[in-house]
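To find a chain, count down the sequence lines: A is the first, B the second, and so on, and within it residues start at 1. What you see is a predicted model; the values in this text were computed from it and never measured. Below, each value reflects all heavy atoms present in this structure, side chains not excepted, and no hydrogens, waters or symmetry copies.
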Amino acid sequence: MLTTVAITVDGLGFAAWLFLSSVGLTLIYGVMRILNIAHGGFYAVGAYASAWAIGLYTQTGNTIALTYLIIPAAALIAGVISGLLIERGVLRFMYGRDEVLMVLVTYAIFLILEDVTKLIWGTESYISYQPAYFLGTIDVFGIPYTVYKFMIVAVALVVGLTLFLVLNKTRTGKLLLVVIEDREISTALGINVTLFFTVTFVVGATLGALGGAITAPEISVQPGISAEIIVMAFAVIVIGGMGSIGGAMIGALIVGLARAASVHIYPPAELFSIYLVMAAILAVKPYGLFALSQGRKI
Amino acid sequence: MTTVLETKNLEKTFGAVVAASDINITINEGEVLGVIGSNGAGKTTFVNMVTGHLTPTAGQILYRGRDITGKATRDITRMGICRSFQIPQLFPELPVIDNILIALTIAKHDKPVIFRPAIDRSLATEAHALLSRFAIDQYADQEIQTLPQGVRKLVDIAMATVAEPDLLFLDEPTSGVSADEKMDFMRNLLAALKSTKTAVLFIEHDMEIVEAFSPRCVAFYEGTILADGPTRNVLQNDKVREFVIGSELHRGSANDSALEGVN
Amino acid sequence: MTRFFDKTELALLAGMPLLIAMLFVLPQWVLNYVQVSLGTGLVALGVMIQMRAGLVSFGQGLYFCVGGYSAGLAGRMFNISDIFLLVLIGVLVSLVISFTLGFLLRRYRDIFFAMLTLAVSMILFGILTSTEELGSTDGFNLPAPTYLGWLPEGEMARNALYIATVIPVLTIAMLLNRYLRSPVGFVNEAIRENELRVEYLGSSAHQSIHITYMMAAAVSSIGGVLWALSIGHVDPEMTNWTTSGHFVFISILSGTGNVIAPLLGTFFLEILRVFAVDLSPNTWQAILGTVMLLTIVFLPKGMWSLFARKKRQTRDGDDLPQNIAGE
């Protein structure tokens, strides 16, 4: 019983973290057909910015409560700057190229971003635990959990719901669906495709940064986190079907629960359980759970 | 006369859409057969089913008496049924000669062969000979993507003939060829097909071509066969005139004007 | 005139005595880099032959690691130290794994192939990092190899291993050169361009890809064994996706035009890194990334295209070995 509760709550926590870290990836892929390895870099940039800002702020001795504003602000600034630089500086020259080639391009950007992060924040690790413990803990069937963990779950739900509403209920969202369907026709219809791409990429980047920023108080922020998160984010969005927001949510839940289950039942399996689940699902559903099957017309 | 292909009550549905139903066609050795019908009439669906690209929802396909329904494309090709495509399916970044060499290589090796060179001088000679037969040898060293549609069309058809099939499907061979060149194009094409034993089924929108080159004609309409018989009779058929040719005349004129821009 | 070897193969043949002669010319530290980069160069070659079929493996580190760990475990568990036996074991293990995984992977193309190869390599990464018996993230050390019962010592040991690396690596490169020009190698190019047509010509794209995948796995595992013996150590980083990314990087940089390119590319990159890391430790990856971007934009066929003359006569049969074609 205790294990079941622990697996469920931990799994939800993992899932929320994974969803926030990967939803930007699936959004960018869905709209732009770019599988963005550099997304791991956005996560890292967000985490560093957040941990660094929290560190600076807590030194002033003011109330910790304000850090809950600092975190999203750090994510926003880090995401918008890095996202804009990369989209305007590199990617826009590559649109329309082969999908695999774009993976390689973003891999190159990932490498660059990793060093830029090191140049800005150095190679030491940043610890900014204060926001995670400020709100205290609550007991779930006798197991104490930080309130912060549930905050992350709430944020994940809000982000997911907002994206869903924007994409499906607003005019912008509907135009975006047209852009996804056919770039050329959209241009002919007078839709500013370039603007849509830029905005999508920046929003995706900011979401990635938010994933990192919100996680920063729970982890030690150090070089290498970008490489770790990106493979997990891949697993999440591949399981759900690339380009699907709902799929990312389901994928995050599956991966999160699988990881929590192995942590509590058989800890050594923690890392590979994720990829095992991914490989197993792909063996049955080759393009993920929610991907549309694509036929070829001859 | 030997029957090469026989289909029995062939049917293909996509969800609620019936793409083809009740297709019964018999093709004999060496026969030339024109297929007409407006877009979406089920012509290409029929070819796709026989060549294994689509699995029929119901019915049977017999090739020389053997049931080949639902077999893989590559196996059906190996048996001797080949096809060309409405939109040429080539290797766009490779030169013409490599396209043909690949086709020849595959035709020559039934099993995967490694560590032995694919190309030798005799194969290269053979490839050039094939290109010469289709009068496109001067393009041998050019990449497909740099070539005009008419040449691509010929490369596509040439590739379909390397295995010297018993049955060859040509999916709209003259599309993309300008109206006044169509006749010559088709004449040269049929002459270039090496073996007279090859049965040729071609899909065509131009009735003059059908009349000139195929003694037999099959008319498709909304997924079924409207008429099948000697070309003259089929083209005189009232229903065919109403449902197929009427729409083709309309389409033909629109097509020609569109093509002028291309050529 | 009939010739058994083409230009690439002749260059590789000439390279063997040349590289061995370097034992008396180059300083030890450079030789070390030659040796190490020949090992990793094989893995890059494995990535390259898959790239010919349009498949980018972001998990080739899997077989690099399988090779290294197989050799290491054969030593730990069965006391095998013979280099030939170790290579053989590495190849066999990787063939079994790639044969099995091939049935799954051959169904995927493009980014899905990249993702799935990555996932599979990360499964091994996860297993190894959490297995205390195998040293977890630290890995473990390998003993010095023997050669048919002979255990050389001191400088002799270094030289023997160097020669035992040079000869097989260049031989494999020659074999792969053959392979790329064989029917299957040729069909791979066709698969990259238009798989539908390949099926309509009567060939199984799945089968060709499966064979290529296994071939790449075997080659990479040999690279893994030789590399591990050179370093004397294995650890899970060998199968981390960043390692695989590095192999992809080399293949992009060198292009798919020639089997020598990835070997040369690996070596120059190793040397370049020594200096770059020395000058500025935290910009090495940024340099790599920038070079990669520039290569993709300005040299889409890789650095090798700078050296390769545009010649078409090869395909017309002028520059081809003839004597084996007569059968």
Quick one: which of C:Gly185, C:Ser204, C:Gly202 has the most heavy-atom pairs under 4.5 Å with chain B, could you say?
C:Gly202

Looking at every heavy atom in both B:Ile106 and C:Ser203, which two are closest together, and how far apart are they?
CG2-CB, 3.5 Å

Identify which of B:Lys108, B:Arg78, B:Met159, B:Arg74 forms the greatest number of heavy-atom pairs closer than 4.5 Å to chain C.
B:Arg74

Taking all heavy atoms of C:Leu201 and all of B:Ile102, pick out the closest pair and write down the distance.
CD1-CG2, 4.4 Å

Measure B:Met79 against the heavy atoms of chain C and call it side chain, backbone, both or neither at under 4.5 Å.
neither

Max heavy-atom pairs within cutoff under 4.5 Å with chain C, candidates B:Asp156, B:Leu123, B:Asp75, goes to B:Asp156

If one checks every heavy atom of B:Thr105 against chain C at 4.5 Å, the contacting part turns out to be side chain

Parallel, tilted or perpendicular: ring planes of C:Tyr200 versus B:Phe85, cut at 30 and 60 degrees
perpendicular

Heavy-atom closest pair (C:Arg197 atom, B:Arg83 atom, distance to 0.1 Å) is NH1-O, 3.7 Å

Donor-acceptor under 3.5 Å (B:Glu93 side chain, C:Glu193 main chain):
no

Below 4.5 Å from any heavy atom of chain C, which atoms of B:Asn99 appear? Answer side chain, backbone, both or neither.
neither

Can you tell if the side chain of B:His109 reaches within under 4.5 Å of the side chain of C:Val184, non-hydrogen atoms only?
no

Does any backbone or side-chain atom of C:Leu175 lie under 4.5 Å from a heavy atom of chain B? Answer side chain, backbone, both or neither.
both

Considering all heavy atoms, the nearest B:Thr73-C:Glu199 contact:
CG2-O, 3.7 Å

Under 4.5 Å between any side-chain heavy atoms of C:Val198 and B:Phe91, yes or no?
yes

Side chain from CB out, backbone as N, CA, C, O: work out which of these in B:Ala163 comes under 4.5 Å of a heavy atom of chain C, or both, or neither.
neither

